[in-house]
There are 2 protein chains.
Amino acid sequence: MQLEQIVTNLREEGFRITPQRIAIVDYVLSTEEHPSAEQIHNVIKKKYPMVSLSTVYKTLDLLRQKQLVKQIEIGGEARFDGHTDEHINLICMKCGKIEDVDEDLKEIQVRAARKSKYQIVKSSFELFGYCSACKTHS
Amino acid sequence: MQLEQIVTNLREEGFRITPQRIAIVDYVLSTEEHPSAEQIHNVIKKKYPMVSLSTVYKTLDLLRQKQLVKQIEIGGEARFDGHTDEHINLICMKCGKIEDVDEDLKEIQVRAARKSKYQIVKSSFELFGYCSACKTHS
DNA sequence: TCTCCTAATAGGAAGTATTCCTATTTAAGA
DNA sequence: TCTTAAATAGGAATACTTCCTATTAGGAGA
């Protein structure tokens with residue numbers, strides 16, 4: 001979704017559009033970096049030095065509720081991803097780099113749901129290993 | 001693997017066998033609860049009131065290195081699972097209950113590995129939703 | 001069985017990521 | 001422009017985990 005469309009939607013839902021929110025949405029949706037809250041904070045600070053980390057967390061929470069970002073937990077830290085369609089995250093255990101892999105997970109979810117009595121809402125599939133840069137130096 | 005076999009293996013590798021370690025290994029490998037470190041600590045304390053939480057963490061770390069337990073992170077907290085074969089974890093978003101679902105993940109891993117340049121070491125697949133007890137009261 | 005060495009432990013302090021609290025600021029409708 | 005409540009900044013509080021160190025105890029060898 002485009003930034004302008006998201007801003008319009010949020011405004012129509014009664015949320016206020018602040019420069020901080022625009023900057024955070026803009027960054028998270030455009031990067032491939034899967035940044036942590038602190039990384040996002042560092043990027044936003046370059047433009048708005050006064051922005052607080054708590055605002056970053058609060059905005060990310062809003063975006064997650066609106067399903068505009070996905071959140072995964074790696075090593076006790078949350079990482080954020082603007083790609084909200086279900087996919088696999090490939091995580092480098094050395095440098096922490098995360099890459100997306102599009103792969104159909106519906107079929108496997110349906111099978112798991114059938115075997116259990118759970119009503120499934122969302123999924124998280126992570127593959128851990130070494131990226132092409134790190135696997136040669138391990 | 002049986003407790004006695006694990007104890008023998010650890011001893012042969014030069015690790016000391018303490019009552020604390022036996023109790024922790026015994027509990028984690030026999031429960032279906034996917035307990036957190038604190039839950040494990042609470043259980044072990046009933047038998048050994050002096051056992052410290054840091055010992056629990058340290059032992060769990062050893063077991064993870066020896067690949068005798070799997071560790072997953074849910075809501076910023078680590079949960080431990082004695083079932084080390086690859087499987088899907090079904091997590092109830094209301095009560096936190098975790099269930100295992102055996103499902104073949106090799107094929108999907110192979111496809112993901114082929115699409116990327118990562119050397120894959122391990123995987124973590126979580127499905128979030130509501131267990132049978134919680135889905136009716138949501 | 002006794003002794004010795006050092007791995008392991010208990011207990012608490014420190015570290016790290018996140019959430020909470022509140023006075024102040026500000027978006028945006030009237 | 002004025003008003004008002006949502007959002008923010010900044011820091012305190014919390015939660016989980018790791019680190020630190022004096023003390024304890026497993027177990028190899030005498």
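Computation of the quantities below employed the complete heavy-atom set of this structure, encompassing side-chain atoms and omitting hydrogens, waters and symmetry-equivalent molecules. So you know, we letter chains A, B, ... as the sequences are listed, proteins then strands, and number each from 1. This is a predicted model, so every value here is computed, not measured.
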**Q** Does R16(B) make a side-chain donor-acceptor contact with the base of dA7(C), cut-off 3.5 Å?
**A**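 Answer yes: a donor N or O sits under 3.5 Å from an acceptor.
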
**Q** Examine the base of dA7(D) for any acceptor or donor lying under 3.5 Å from a partner atom in the side chain of R21(A), and report the outcome as yes or no.
**A**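 Check fails, no donor-acceptor contact within cut-off.
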
**Q** Of all the choices, dA27(C), dC16(D), dA17(C), which nucleotide is nearest to the side chain of P19(A) once you look at every atom?
**A**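 My answer, after comparing the listed nucleotides, is dA27(C).
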
**Q** Whole-Å distance between dT18(C) P and R64(A) CZ?
**A** 11 Å

**Q** Would K94(B) and Y130(B) count as a cation-pi pair here, with the cationic atom under 6.0 angstrom from the ring centre and within 45° of the axis?
**A**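 Negative - K94(B) is either too far from the ring of Y130(B) or too far off its axis.
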
**Q** Going by distance alone, is a donor N or O of one side chain under 3.5 Å from an acceptor N or O of the other, for D81(B) and H87(B)?
**A** yes

**Q** From OH of Y57(B) over to P of dA15(D), roughly how many Å is that when rounded to an integer?
**A** 13 Å

**Q** With F15(A), which of N9(A), L10(A), V7(A) fulfils side chain to side chain contact (heavy atoms under 4.5 Å, CB included)?
**A**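 The residue from N9(A), L10(A), V7(A) that satisfies side chain to side chain contact (heavy atoms under 4.5 Å, CB included) with F15(A) turns out to be L10(A).
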
**Q** Select from F15(B) and M50(B) the residue whose nearest nucleotide in DNA chain C is closer to the 5' end of that strand.
**A**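 This one resolves to F15(B).
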
**Q** In whole angstroms, how far is the P atom of dA15(D) from the CD atom of E73(B)?
**A** 19 Å

**Q** Would you kindly give the NE2-to-C1' distance between H41(B) and dG12(C), to the nearest whole Å?
**A** 13 Å

**Q** Could you state the CZ-C1' distance from R11(B) to dG26(D), rounded to the nearest angstrom?
**A** 9 Å

**Q** Using heavy atoms to find the nearest nucleotide of DNA chain D for T55(A) and L53(B) separately, return the residue whose nucleotide is more 5′.
**A** T55(A)

**Q** Would you kindly say whether S123(A) and Q109(A) are connected by a side-chain donor-acceptor distance under 3.5 Å?
**A**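 Yes, a side-chain donor-acceptor pair sits under 3.5 Å.
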
**Q** Specify the residue among P49(B) and G14(B) whose closest nucleotide of DNA chain C lies further upstream toward the 5′ end.
**A** G14(B)

**Q** Please step through side chain to side chain contact (heavy atoms under 4.5 Å, CB included) for the pair K135(A) and Y118(B), ending with a clear verdict.
**A** CA-CA 8 Å; K135(A) 69 182 170 190; Y118(B) 278 55; over 6 Å; no

**Q** What is the separation between atom OH on Y48(A) and atom C1' on dA7(D), rounded to the nearest whole Å?
**A** 15 Å

**Q** Quickly work out the E38(A) CD to dT19(C) C1' distance and round it to whole Å.
**A**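 Between C1' of dT19(C) and CD of E38(A): 15 Å.
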
**Q** Without decimals, in angstroms, what is the distance between D61(A) CG and dA17(C) C1'?
**A** 14 Å

**Q** Contact class for S54(A) vs. all strands (heavy atom < 4.0 Å): base, sugar-phosphate, or nothing?
**A** base

**Q** Is the phosphate of dT26(C) approached by Q20(A) (side-chain N or O, under 4.0 Å from OP1 or OP2)?
**A**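 Answer is no, no contact under 4.0 Å.
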
**Q** Go through dT8(D), dA10(C), dT18(C) for me and flag the one nearest to the T18(A) side chain.
**A** dT8(D)

